[in-house]
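Convention: sequence-line order gives letters A, B, ...; per-chain numbering from 1.
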Amino acid sequence: MEAVRTTHLKKTYHGKTAVDEVSLTIEQGELFGLIGPDGAGKTSIFRMLTTLLLPDGGAAAVDGLDVVKDYRQIRKRVGYMPGKFSLYPDLSVEENLNFFATVFNTTVAANYTLIKDIYVQLEPFKKRRAGKLSGGMKQKLALCCALIHKPTVLFLDEPTTGVDPVSRKEFWEMLQQLKAQHITILVSTPYMDEASLCDKVALIQQGKILSVDTPAAIVASYPQPLYAARANEMHQLLKALQQSADVRSSYGFGEFAHVSFKDTDIDIASFETILAKKGLTDIEIRPTPVTIEDCFIERLNSQA
Amino acid sequence: MKEAVITTDKLTKRFGDFVATNEISFEVSRGEIFGFLGANGAGKTTAMRMLCGLSTPSSGNASIAGFDVYRQTEQIKKNIGYMSQKFSLYEDLTVLENIRFFGGIYGLSRPRIREKGEKLIKDLGLEQEAKKLVGALPLGWKQKLSFSVAILHDPQIVFLDEPTGGVDPVTRRQFWNMIYEAADRGVTIFVTTHYMDEAEYCNRISIMVDGRVKALDTPRNLKEHFGAATMDEVFYALARGAKRSE
């Protein structure tokens with residue numbers, strides 16, 4: 001059965017469309033990523049699916065239950081970690097966890113196996129007030145609280161925003177462990193590199209889904225051969241690429257510029273010569289694997 | 001060697017027993033794009049506050065645009081620009097009002113504000129939005145606008161604290177083009193980011209771990225030194241051993 005299904009889901013605020021007819025299906029046990037920048041509509045989708053916000057159109061179901069009609073049942077079954085820290089800052093780690101367990105008519109002991117791996121890292125600080133925890137620890141406690149009633153579907157809204165690369169990696173390792181316990185996870189992120197860690201992703205921008213598929217299939221659908229270029233001076237290289245009539249698209253990508261050409265059979269060596277005439281040196285152009293970020297940029301450019 | 005516009009020597013900040021920033025020493029040259037990286041809680045914000053003249057160091061020295069961080073904090077503030085993801089512009093003022101407000105704060109004359117403001121709006125293509133509230137603009141535009149406002153008074157140095165967090169990949173790159181152009185004009189860029197691909201766009205980067213600068217070099221040299229293919233791996237190798245988080 002599907003864990004989540006939305007059909008033409010819509011939300012508008014004061015006439016502005018935040019979620020524009022979004023249709024998604026998330027299978028049970030799937031780790032599904034909603035990938036898009038701030039303001040893309042990710043949080044609105046999360047809030048409708050967790051029954052905290054009423055849709056203005058379309059429909060959505062979680063575990064086969066309707067988000068409007070069956071909201072009470074949905075609330076018992078799902079776990080939600082909002083983007084903003086929402087635990088009680090004046091309660092200790094332990095008290096927060098016990099509180100959330102009690103609200104859901106269960107005990108910490110009953111579902112301890114689910115949170116054990118995460119909670120052991122918090123245990124040394126269990127008497128500390130939640131408000132006094134470090135950013136990474138707050139995040140771990142919030143995840144424990146969202147899991148303590150053994151939800152069927154876990155909603156994580158931008159759990160890694162503003163988090164450094166090391167902590168981000170650790171967080172994704174935790175998600176993989178949860179997935180192994182058959183919990184369906186919907187996670188949103190503005191970091192494109194996290195997409196490859198999901199079973200399936202939806203790329204979203206301005207309330208609209210640009211594409212939904214496995215990361216591998218999205219990457220495979222990229223329409224052109226892609227090249228990585230570098231030279232002695234990145235800014236000059238980017239300018240030269242931008243001005244070239246042979247170039248279809250070009251943009252910085254870390255150490256390299258990513259380039260695709262109008263003519264897919266272009267002779268790279270002669271193109272390098274053209275760049276050299278513009279004063280660039282140490283020019284190197286070679287084929288490069290496509291990433292989710294390239295696909296996202298491609299979709300945005302083709303829309304514009 | 002180019003002229004140094006930021007010089008720190010064993011700059012330190014203690015809060016009680018806690019050493020937030022521990023004897024950091026480095027130089028940044030005029031027109032350089034300097035990436036200031038570190039894990040959450042490594043001490044970046046504390047260091048940046050001292051460099052901006054907002055927090056008095058516990059020990060060590062630093063000179064910003066030729067001014068001393070202990071005695072000349074007011075001159076420092078006049079010669080730098082600052083922008084962060086969290087605070088940039090007033091959402092309830094229009095684009096033009098924000099420009100006038102910040103221009104006034106920076107002490108620009110009215111004709112100068114008008115002239116600068118017109119150019120800024122034209123460069124950003126915001127003619128249609130000039131009289132709209134900043135709060136109504138998409139995030140990407142806000143970030144580009146707030147960068148332009150942060151350098152409205154032609155500061156020698158601009159400090160950017162995670163300027164591109166949450167911004168879409170196309171806008172993120174447009175933002176970096178603006179950074180490159182400002183650097184070409186001689187503005188020194190001091191930037192923090194959690195995007196490791198952006199670290200590659202910097203001339204040099206430093207990586208802070210537990211209050212200390214653990215590495216400082218060009219991205220290429222750092223990768224070579226750590227035998228890493230990407231900056232992500234360099235960061236991971238250094239920050240993995242961090243004892244503290246924010």
Side-chain angles (χ1 to χ4, degrees), chain A residues 14 16 35-40 42 83 133-140 158 160-170 189-193 203-206 230 233-236 238-239 242 249-258 291-301 303-304, chain B residues 33 37-42 44 85-86 136-140 142-143 162 164-174 176-177 179-181 183-184 192-203 207 209 219-220 223 229-242 244-246:
Chain A
H14 310 291
K16 262 182 106 176
I35 319 277
D38 286 3
K42 303 189 299 292
L133 291 175
S134 72
M137 289 293 172
K138 274 183 188 158
Q139 192 194 33
K140 284 178 183 137
E158 297 209 17
T160 57
T161 291
V163 173
D164 70 66
V166 174
S167 313
R168 283 210 281 142
K169 204 167 171 176
E170 285 174 4
T189 178
Y191 294 102
M192 304 281 149
D193 58 345
L203 306 184
I204 181 168
Q205 166 87 337
Q206 285 172 358
R230 71 171 160 194
E233 227 289 309
M234 180 59 122
H235 189 205
Q236 298 310 320
L238 286 173
K239 276 199 222 166
Q242 216 99 66
S249 76
S250 65
Y251 43 87
F253 206 93
E255 184 186 0
F256 298 92
H258 278 187
T291 68
I292 291 285
E293 186 151 358
D294 294 302
C295 297
F296 202 99
I297 292 171
E298 175 73 22
R299 302 287 155 109
L300 289 188
N301 288 340
Q303 270 190 339
Chain B
I33 303 175
L37 312 187
N40 297 119
K44 296 190 304 279
Q85 192 199 354
K86 280 163 202 145
L137 296 180
L139 176 76
K142 265 187 230 172
Q143 297 304 82
E162 283 185 48
T164 56
V167 175
D168 76 68
V170 172
T171 311
R172 211 148 66 76
R173 284 165 174 84
Q174 291 167 348
W176 271 89
N177 272 335
I179 292 182
Y180 277 132
E181 273 155 29
D184 280 352
T192 75
T193 179
H194 283 320
Y195 289 100
M196 287 303 121
D197 60 328
E198 295 186 345
E200 299 271 7
Y201 304 150
C202 301
N203 298 121
I207 299 180
V209 180
R220 193 174 280 201
K223 280 184 289 185
T230 62
M231 278 310 301
D232 213 38
E233 287 173 29
V234 173
F235 189 91
Y236 199 73
L238 280 167
R240 192 178 37 194
R244 63 194 212 209
S245 58
E246 113 195 273

About how many Å separate [atom2] of [Y] and [atom1] of [X], when rounded to the nearest 0.5 Å?
{"X": "B/E200", "Y": "A/M234", "atom1": "CD", "atom2": "CE", "result": "8.0 Å"}
{"X": "B/R173", "Y": "A/L238", "atom1": "CZ", "atom2": "CG", "result": "10.0 Å"}
{"X": "B/D168", "Y": "A/Q206", "atom1": "CG", "atom2": "CD", "result": "8.5 Å"}
{"X": "B/T171", "Y": "A/I297", "atom1": "OG1", "atom2": "CD1", "result": "10.0 Å"}

B/P169 portion near chain A, given a 4.5 angstrom heavy-atom threshold: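 Interface part for B/P169: both.
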
Part of B/E162 lying under 4.5 Å from any heavy atom of chain A: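 Looking at B/E162, just its side chain touches chain A.
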
Please classify the contact of A/E158 with chain B as side chain, backbone, both or neither, using a heavy-atom distance under 4.5 Å. neither

Heavy-atom contact with chain B under 4.5 Å, split by part of A/K16: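 Contact with chain B: side chain only.
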
Over all heavy atoms of both residues, which pair between A/R230 and B/R220 is shortest? Give the atoms and the distance, please.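 The pair with the smallest heavy-atom distance is CD-NH2, 3.6 Å.
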
Please name the pair of heavy atoms, one in B/G166 and one in A/P190, separated by the smallest distance, quoted to 0.1 Å. CA-CB, 4.0 Å

What option among A/T189, A/V166, A/T161 has the most heavy-atom pairs under 4.5 Å with chain B?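 Heavy-atom pair counts peak at A/V166.
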
If you tally heavy-atom pairs under 4.5 Å between each of A/K169, A/E170, A/Q205 and chain B, the highest tally belongs to A/K169

Is any side-chain heavy atom of B/V167 closer than 4.5 Å to one of A/D38? no

Is any side-chain heavy atom of B/Y180 closer than 4.5 Å to a side-chain heavy atom of A/K239? no

Anything in residues 230-238 of chain B with a heavy-atom distance to chain A below 4.5 Å? Please list those residues in order.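 B/D232, B/F235, B/Y236, listed by number.
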
Does the pair A/D193 and B/M196 meet the rule for a side-chain contact (heavy atoms from CB on, under 4.5 Å), with working shown? CA-CA 10 Å; A/D193 58 345; B/M196 287 303 121; over 6 Å; no

If we define contacts as heavy-atom pairs under 4.5 Å, which of B/V170, B/L139, B/T193 has the most with chain A?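 Most pairs with chain A among the choices: B/V170.
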
Donor-acceptor contact below 3.5 Å, side chain [X] vs main chain [Y]:
{"X": "B/D197", "Y": "A/F253", "answer": "no"}
{"X": "B/Y195", "Y": "A/G254", "answer": "no"}
{"X": "B/N40", "Y": "A/D164", "answer": "yes"}

Identify, with sequence neighbours excluded, every residue that meets side-chain contact (heavy atoms from CB on, under 4.5 Å) alongside A/S250.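 Result, side-chain contact (heavy atoms from CB on, under 4.5 Å) vs A/S250: A/L241, A/Q242, A/V247, A/V259.
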
What residues, two or more places apart in sequence or in another chain, satisfy side-chain contact (heavy atoms from CB on, under 4.5 Å) together with A/S249?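 For A/S249, the residues satisfying side-chain contact (heavy atoms from CB on, under 4.5 Å) (neighbours in sequence not counted) are A/Y222, A/Y251, A/S260.
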
B/K142: partners by side-chain hydrogen bond (donor to acceptor under 3.5 Å, both in side chains), with sequence neighbours left out: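 Expected list: B/E91.
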
So B/H194 and A/Y191, side-chain contact (heavy atoms from CB on, under 4.5 Å) or not? Walk me through it. CA-CA 10 Å; B/H194 283 320; A/Y191 294 102; 3.9 Å; yes

